[in-house]
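To find a chain, count down the sequence lines: A is the first, B the second, and so on, and within it residues start at 1. From a predicted model like this one, the values you see are computed outputs, not experimental measurements.
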Amino acid sequence: MLKDEVIKILHSVGIRTSKEVLEVPPQEIFGDIAFPCFGLAKQEHKNPQEIAGELVNRIRISKNPLIIKTEARGGYVNFFFYWEKVGEKILSQILSRRKINIGNRKKIMIEYSQPNPVHPMHIGHARGTFLGDALANIYDYLGYRTIRANYMNDIGLQVARLVAAYKLWAENKKPKGKPDFWLWQYYVKFHEELSKNAKLDEKARELLRKFELERNKATIKIWNKIVKWCVQGFNESYRNLGIKFHVYFYENEFREAGKSLVDKALNNEIAFRSPENAIVANLEKYGLPNCILLRSDGTGLYITSDLGLTFKKFQKYQLDKSVWAVSSQQNLHFKQLFKILELLDYKFVKDCEHFSFEHVNLPEGKMSSREGKAVMLDEVITSLTKQALEEVEKRNPRLSKQKKLGIAKKIAVGALKYSILKIEPENSITFDWKQMLSFEGNTGPYLQYAHTRCLGILKKAKKHQIVLFSKLSLHEKQLIKVLMNFDDVLLDSAKNYRPNFICNYAYEIATAFSNFYQNCPVLKANDKKQRDFRLTLVMTTKIVLENSLKLLGIKVPERM
RNA sequence: GGACCUGUAGCUCAGAUUGGACAGAGCAGCUUCCUCCUAAGACGAUUAUAGGCAAAGAAGGUCGUGGGUUCAAAUCCCACCAGGUCCGCCA
């Protein structure tokens, strides 16, 4: 907003420049917005400070009521704003809950989470799940019609192995406890046995042929039953996390569609039949490795179904855009997938994007569910909830047990989501229990706490009038400066697929608010007008902080 | 061998897309206060109680290494080093 004003002024004196050039100076004494004159200096072969001086003389500040003065300093033109007026504008915008609608009801599908229905979700799945969910929240907020999709790889060899394990050791048994955990033990056992006896995999491959090619009824029945159990387990975890999907895709339903695309690729000579009788996409001339689209026995692979699914997604939902939140391990897969679809001449490829993120590792190295070496998501939530409950007990001993648990859950889930979302997606995370369980510093609970403080003050104040204009102290001004940035941060975060921008921003709000209330008494302000203004400021802070946390999928408790 | 990502304080990270005025946080550690400070929580006249993560302060960095471009480089380019990921029948 400030930058727009500066651009206007610069235009009026004949300087054509864009918002990106302007800077926010690092110190108060340099003003609020700075225009660097180094570029002009080069063009005109002059000293930058000289140019800045000339500009200041040409700018008639009296034209703009928001600006107090301009100053040439160190080759910059520094603009000083009239913060009381700026603040008035910003606060009223926030209170009117004006939203930026850049989505225009465009349809965007975000596919995320995609757990393998053979074992419980581990902490790595949590990352993709939270990132995808936050991104969906962000696009929702921006006025897109967002379809949240989950995808179950229910047909690969890994499921065949679990089915084989079930038939070997648990035939006709029903799950005890949470089904995904119950099934996991058989999955691990299968891989243990497999390492001793490689022939065991023959059973799995046979089951896969029966399921996919022969469509053997008995196999399909037992197969689907196991997948269903696993998905039941996932849904319980999603409920705990407050995550919902609009649609679940099952891989086996898209394999046929995929195979017909493979046929088309073969006919159009995009793919060829290898000497071993597999069907291979010829991508080498496009700088990508070739990739197998169909096994020599005629069964499909992961990419086979993904081809079919992508085609169906656009056909059925008439999407304007489709995003896959999937780990960086599959960077190549998506390049190949998109390239093949492009070669098949599907125009929707330009609206496909892979939102890639790095892994979550354990301190001792990679996680492996098949070896039983993984930190499971449910386990983390349970520990966090337990710890949060202890804290809540300490602080609110008089609340009912149910209320305490409700608060503890919000804190636990908030802590987990924030700790994962705040890390830049391209950085890998090393899971650390000690850090995960921390509620201090730059953590979710700290932000939730700042929000409940806002609530506490407002509640205690009862009624007050909205006052937008007041002489500002330093801390009030700094808080307003932060609140002003919400739109820019949001757009940046959406454009770059970076929910962590919002995390950083929410932390800035909490810090600025913290400084504000420590230095500016609200309820004990000097006079009624100041008190009402400060209450208005608390109210706007609450709105912006709550919005930011909601975008991250973090709920705000009424008390803590 | 090829491709991509990462390397910033003791630890965990932000800043890099858009080069800009002293490279920012959190945690740990250190110093001081604890006869002080805070309580916008509970009780309720004074009292009492609790916390110190709701105290104050300082310190800590060859931005992996070496070159280059530029008035200006953590940021852009090149090379190298280290870690991670991927590269024909896993997903």
Side-chain angles (χ1 to χ4, degrees), chain A residues 18-23 25-27 29-30 34 36-39 41-42 47-48 73-76 78 114 116 118 151 153 155-159 161 251 274 276-281 283 287-297 299-306 326-333 335-336 356-359 361 365-366 370 391 394-398 419 422-430 432 434-435 438-443 445-446 449 453-461 492 495-496 498 500-501 503-504 507-508 511 514 517-518 521-524 538 559-560:
Chain A
S18 64
K19 250 169 121 170
E20 284 72 31
V21 175
L22 301 177
E23 292 169 29
Q27 274 183 48
I29 54 160
F30 298 138
C37 302
F38 305 101
K42 197 172 187 182
N47 182 332
R73 185 165 182 158
Y76 290 87
N78 294 330
Q114 305 108 332
N116 247 321
V118 288
Y151 183 43
N153 303 107
I155 193 174
L157 194 55
Q158 81 287 1
V159 185
R161 284 174 177 154
E251 185 177 358
S274 78
E276 299 85 3
N277 208 31
I279 297 186
V280 182
L283 301 175
L288 291 170
N290 285 348
C291 100
I292 297 201
L293 301 179
L294 215 56
R295 286 195 188 95
S296 31
D297 70 356
T299 56
L301 293 119
Y302 180 65
I303 195 161
T304 318
S305 327
D306 240 9
V326 180
S327 99
S328 66
Q329 265 186 349
Q330 295 187 32
N331 284 353
L332 179 60
H333 163 80
K335 278 188 192 160
Q336 291 173 324
S356 168
F357 54 87
E358 280 296 326
H359 272 208
N361 299 311
K366 253 181 100 171
R370 62 178 64 172
E391 292 293 320
K394 259 194 250 169
R395 289 158 208 251
N396 304 287
R398 295 176 164 230
S419 74
K422 77 172 175 186
I423 306 291
E424 151 86 24
E426 275 182 343
N427 266 326
S428 53
I429 296 178
T430 303
D432 177 0
K434 202 179 140 202
Q435 258 177 48
S438 164
F439 290 170
E440 295 141 34
N442 188 358
T443 63
Y446 173 73
Y449 185 63
R453 287 213 135 180
C454 293
L455 281 182
I457 297 169
L458 292 170
K459 199 174 154 195
K460 193 143 188 168
D492 232 26
K495 192 177 115 198
N496 299 295
R498 290 289 180 274
N500 59 311
F501 290 176
C503 295
N504 297 344
Y507 183 65
E508 269 180 51
T511 310
S514 200
Y517 78 68
Q518 267 169 34
V522 177
L523 297 177
K524 289 172 189 162
V538 172
R559 321 181 37 156
M560 280 179 81

**Student:** Nearest of A14(B), U18(B), G88(B) to any side-chain atom of Ser274(A)?
**Tutor:** G88(B)

**Student:** Using the P atom as the reference point in each nucleotide, state the distance between U12(B) and G7(B) in Å, no decimals.
**Tutor:** 12 Å

**Student:** Which nucleotide, C53(B), C87(B), A21(B), lies nearest any side-chain atom of Asn78(A)?
**Tutor:** A21(B)

**Student:** C13(B), C89(B), C5(B): which one has an atom nearest the side-chain heavy atoms of Glu358(A)?
**Tutor:** C5(B)

**Student:** Looking at C13(B), A21(B), A40(B), which one has an atom nearest to any side-chain atom of Lys460(A)?
**Tutor:** A40(B)

**Student:** For nucleotides A58(B) and U8(B), find the distance between their C1' atoms and express it as a whole number of Å.
**Tutor:** 22 Å

**Student:** Taking the side chain of Pro25(A) as its heavy atoms from C-beta onward, which of A21(B), U85(B), A40(B) lies nearest to it?
**Tutor:** A21(B)

**Student:** Should Arg498(A) be listed as having a side-chain N or O under 4.0 Å from OP1 or OP2 of A14(B)?
**Tutor:** no

**Student:** Report yes if at least one side-chain N or O of Lys335(A) is closer than 4.0 Å to OP1 or OP2 of A3(B); otherwise report no.
**Tutor:** no

**Student:** Let's see if you can work this out: which of G88(B), C13(B), A21(B) has an atom nearest to the side-chain heavy atoms of Val280(A)?
**Tutor:** G88(B)

**Student:** Considering non-hydrogen atoms only, spot the tightest contact between Ala461(A) and Leu523(A) and give its length.
**Tutor:** CB-CD2, 3.6 Å

**Student:** Is Gln329(A) near enough to C86(B) that one of its side-chain N or O atoms lies under 4.0 angstrom from OP1 or OP2?
**Tutor:** yes

**Student:** I'd like the C1' distance from U18(B) over to U75(B), given in whole Å.
**Tutor:** 10 Å

**Student:** Report which part of the nucleic acid Lys459(A) touches: base, sugar-phosphate, or nothing (heavy-atom distance under 4.0 Å, all strands).
**Tutor:** nothing

**Student:** Between A48(B) and C37(B), how far apart are the two P atoms, rounded to whole Å?
**Tutor:** 15 Å

**Student:** Kindly confirm whether the side-chain ring of Phe38(A) is stacked on the base of G20(B), judged by centres under 5.5 Å and planes under 30°.
**Tutor:** yes

**Student:** Would you indicate which nucleotide in U6(B), C89(B), A40(B) comes nearest to any side-chain atom of Glu276(A)?
**Tutor:** C89(B)

**Student:** Would you confirm whether Asp306(A), through its side chain, and Tyr302(A), through its main-chain N or O, come within 3.5 Å as a donor-acceptor pair?
**Tutor:** no

**Student:** Quote, to the nearest angstrom, the C1' distance that separates C27(B) from G60(B).
**Tutor:** 14 Å

**Student:** So which nucleotide from A54(B), U18(B), C87(B) ends up closest to the side chain of Tyr449(A)?
**Tutor:** A54(B)

**Student:** Using ring centroids (six-membered ring only for Trp), state whether Tyr446(A) and Tyr507(A) fall under 6.0 Å.
**Tutor:** yes

**Student:** So if I take every side-chain heavy atom of Asn496(A) and compare against A3(B), G88(B), U17(B), which nucleotide ends up nearest?
**Tutor:** U17(B)

**Student:** Reckon Arg73(A) has a side-chain N or O less than 4.0 Å from the OP1 or OP2 of G20(B)?
**Tutor:** no

**Student:** Determine: side-chain N/O of Asn290(A) to OP1/OP2 of C87(B), distance under 4.0 Å, yes or no.
**Tutor:** no

**Student:** How would you label the contact of Ala34(A) with the nucleic acid (heavy atoms, under 4.0 Å): base, sugar-phosphate, or nothing?
**Tutor:** base

**Student:** Considering only heavy atoms and no angle criterion, is a donor-acceptor pair shorter than 3.5 Å present between the side chain of Ser438(A) and the base of C27(B)?
**Tutor:** no

**Student:** What is the base-pairing partner of U62(B), counting Watson-Crick and G-U wobble geometry with both distances under 3.5 Å?
**Tutor:** none

**Student:** Choose from A91(B), U17(B), U6(B) the nucleotide whose nearest atom is closest to any side-chain atom of Asp492(A).
**Tutor:** U17(B)

